[in-house]
Every structure is written in C-alpha cells, then in structure tokens.
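All remarks here apply to the structure that follows.
Residue numbers count from 1 along this sequence. Both counts, for ligands and for their atoms, begin at 1 and track the order of listing. Since we're looking at a predicted model, the values are computed, not measured.
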Amino acid sequence: MNLQQLVRKNVWNMKPYSSARDEFKGEASVYLDANENPLNDRYNRYPDPLQWALKGKIAEIKGVAPEYIFLGNGSDEPIDLVIRVFCEPRIDNIVAIDPTYGMYQVCAEVNDVEYRKVLLNENFDLDAQALLDRADEDTKIIFLCSPNNPTGNLLNRTEVVKVLDSFEGIVVIDEAYIDFASEVTWLNELSNYPNLVVLQTFSKAWGLAAVRLGMAFASPEIIKLFNKVKYPYNVNILTQNFVNEELDKAALRKEWVDTLLKGRDYLNAELAKLPFVEKIYPTDANFILAKVDDANGLYKKLADRGVIVRNRNSVSLCAGCLRITVGTDEENKILIDTLLGL
Ligand SMILES: *Cc1c(COP(=O)(O)O)cnc(C)c1O
C-alpha cells in the first residue's frame with residue numbers, strides 16, 4: 001500500500017494547525033502562551049490535544065501502542081475523518097456492505113463522496129468478491145461492521161481477510177459491539193494490515209454513550225493523518241478525565257456484559273415463543289433483530305405502551321424487522337409481558 005497515493009493531495013501537503021500545547025511540551029511554572037484566563041481553576045487550561053494520559057491507559061487495556069490510537073467525539077468523528085483524509089469529493093468513492101450503520105453513508109454524502117452499497121447475502125454475510133468487484137481505481141475506503149448493525153452478526157472472517165488481502169485502499173472494520181461477541185477483535189491484525197482501521201467505542205459495553213468517546217486504531221502513519229485534520233482539542237478534559245477513571249472498572253464492565261448476554265438469551269428464548277415472531281436472527285451484539293408479521297403495527301403498539309424498539313422495516317433485507325436492545329432484566333421482562341398482553 002502506498003499511503004501517499006491514497007491520501008487527498010491537499011491533506012498530504014497541508015501544514016496542520018500548531019497549538020500552544022503542541023509547541024511547548026513539558027512542565028513549566030508560568031504559562032503565558034495560550035491566552036487562557038489564569039483566574040479560574042480546574043478547567044481554565046486547554047487540554048492535551050492528543051490525550052496521551054488516556055491513550056496510555058487504553059493502550060494497556062487493548063494491548064496496542066499509544067501511537068496506534070486516535071480518540072474522537074464518538075466513533076462518528078473517525079468515520080468522518082477517514083473520509084475527509086482519503087476521499088476527494090466528486091472523484092473518489094466508498095464501497096460498503098448493506099445493510100449497515102447509517103453514519104457511513106451520511107458522512108460520505110456530507111463530504112460529497114459517492115457511496116456504493118453491496119448487499120449482504122440472506123444470512124447477512126458478506127461476499128468479498130462482490131465488494132471487490134464494486135471497487136475501482138477511485139475506491140479509497142471499504143466499510144465493514146462486525147458485529148454488524150442492525151443485523152447483529154459477526155462477518156465471516158475468511159471473507160474479511162479476502163477483502164484485507166486484495167483491496168489496495170483503506171478497510172474500516174467497525175467493532176462497536178465487539179465486547180459482546182464470541183470472536184476476537186481485529187486489533188490483533190493491525191500489524192499484518194497497514195490498510196486496516198478498527199473502530200471501537202465507549203458508547204456500548206462501557207455504558208458511556210453520553211460522554212462521547214470513540215476510538216480508532218490504525219498504523220501510526222494513518223493516525224498522524226487523522227490528527228492533522230481533526231479539531232485541535234477534539235476531546236475535552238471532562239471526557240478525558242472521566243473515562244480515565246471509568247477504565248478502572250474493567251471488572252464491572254465484564255459483569256455488565258455477562259448480565260446483558262444472559263438478558264439476550266432470555267429475550268431470544270421468550271421472543272421465539274411468540275406466534276407473531278417469524279424469525280430471530282443470530283446475534284453477537286447487545287441487540288436482537290427479529291422478523292415479525294407486522295413490524296410497523298407492532299412497533300406502534302409497543303410505543304403506545306411506552307416500550308420503544310427500533311423499527312428497521314424499511315432497511316435493506318430487513319423488511320418486517322424490529323431491532324431490540326437488551327435492557328435490564330426488568331426492562332426485558334416488561335417488553336415480553338407487553339408483547340404477551342397484546
Ligand atoms: C452505536 C454504534 C457506534 C457508536 O457510535 P459513537 O459515535 O461512538 O457513539 C458506532 N458504530 C456502530 C455500528 C454503532 O452501532
């Protein structure tokens with residue numbers, strides 16, 4: 001892979017903004033370099049633009065070096081950045097599986113980059129050759145999501161390897177749900193594939209959707225490009241410090257995941273007993289995709305009773321489907337009792 005050929009020329013050639021915090025690193029007693037107000041305390045200073053303390057801790061947990069990590073305002077930030085770094089608007093294109101997470105297409109369209117969808121098969125698995133066939137010399141990124149949203153399944157590893165081996169551009173694998181999955185993360189493959197970008201998030205298993213922190217893992221060369229284009233202080237100090245503390249809860253997070261997986265088993269079993277549930281798809285995530293006999297009607301009936309699920313009826317290959325997040329034991333029971341009472 002030739003990184004320079006893949007990157008947009010303007011991005012490759014530009015000089016990034018250099019903040020006061022970039023220019024002086026280290027300890028000093030008097031800081032008069034950033035036009036901050038010294039009279040307030042705690043939050044008056046600009047935060048570390050590259051979040052090294054937090055990355056150091058994440059690096060230990062994930063088993064990757066800090067230079068391989070980018071942190072952003074949710075995963076949505078690196079999704080947007082990877083497009084802005086690599087895709088020339090109106091010239092380059094993106095290939096992605098379909099159905100999948102909606103933000104890839106939204107970010108492509110905001111950036112005026114053509115987005116090519118390749119349907120998954122009836123088992124919601126990918127055909128690597130079909131993806132590769134849709135790619136041409138202007139395809140810069142292939143988006144994969146495993147476990148996939150809204151289908152819930154892990155993508156077939158052999159097919160993903162075929163994509164990684166054969167595609168000369170960037171392959172993004174979104175692992176927002178990897179903590180719930182029965183297979184290992186693609187992080188272990190970063191050193192084998194310089195074109196691989198893995199996305200993870202604190203929004204799901206870590207239970208921190210409100211703090212907005214997403215992670216991208218890739219070669220230091222790709223991470224440097226993300227850092228060049230991002231807002232200088234994209235992760236505020238409240239988030240940096242708070243997540244730093246939350247990372248000490250690894251044992252608790254594991255308990256949460258175990259509880260949610262049991263809840264998933266319960267929902268799978270109970271939903272299967274309902275006459276209007278036609279099919280429950282296998283899931284490796286903290287949600288279940290279920291095909292029902294009248295998705296719109298059932299969605300409405302549940303909503304009228306205060307139970308909100310996601311109606312995926314109009315999504316490719318998901319006609320008739322509702323996506324149900326695993327809740328607390330109590331919430332799961334309310335859902336099932338409500339369905340039984342219809
Ligand atoms: C929920 C989700 C995310 C998380 O996005 P954040 O911006 O980190 O909250 C990313 N990708 C997929 C596929 C998701 O379902």
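Considering only heavy atoms from C-beta on, Q200 stays 4.5 Å or farther from S75 through its side chain. Taking 4.5 Å as the limit, every side-chain heavy atom of L196 sits out of range of all side-chain heavy atoms of I222. Counting only heavy atoms from C-beta outward, the side chains of L155 and I97 approach each other to under 4.5 Å. You'll find the side chain of F167 stays beyond 4.5 Å of the side chain of K162, heavy atoms only.
Side-chain atoms of N40 do not come within 3.5 Å of backbone N or O of N44 as any donor-acceptor pair.
Taking every non-hydrogen atom of S75 and a distance limit under 4.0 Å, the qualifying atoms of ligand 1 come out as 4 (C), 5 (O), 6 (P), 7 (O), 8 (O), 10 (C). Within the listing of ligand 1, atoms 2 (C), 3 (C), 10 (C), 11 (N), 12 (C), 14 (C) sit less than 4.0 angstrom from a heavy atom of A176. Close approach to S203 involves these atoms of ligand 1, each under 4.0 Å from a residue heavy atom: 6 (P), 8 (O), 9 (O). Listed by atom number, the atoms of ligand 1 under 4.0 Å from C145 heavy atoms are 13 (C). The distance from ligand 1 to the heavy atoms of K204 drops below 4.0 Å at these ligand atoms: 1 (C), 2 (C), 3 (C), 4 (C), 14 (C), 15 (O).
Here the protein heavy atom with the shortest distance to atom 12 (C) of ligand 1 is D174 OD2, 3.4 Å.
Assignment of R212 to the shell around ligand 1 is supported, since a heavy atom sits closer than 4.0 Å.
Distances from atom 15 (O) of ligand 1 to the heavy atoms of F143, Y177, Y101, F287 put Y177 nearest.
Here the closest non-hydrogen pair linking L144 and Y104 is O-OH, 4.3 Å.
Contact annotation for D76 and ligand 1: heavy atoms of both the backbone and the side chain come within less than 4.0 Å of the ligand.
For N73, no nitrogen or oxygen atom sits less than 3.5 Å from a nitrogen or oxygen atom of ligand 1, counting backbone and side chain alike. The shortest N or O to N or O distance between Y104 and ligand 1 is not below 3.5 Å.
Paired with R212 under the rule side-chain contact (heavy atoms from CB on, under 4.5 Å), one option of V235, T239, D76 passes, and it is D76.
Within 6.0 Å of the CZ atom in R116, the count of heavy atoms belonging to other residues, nucleotides or ligands exceeds 12.
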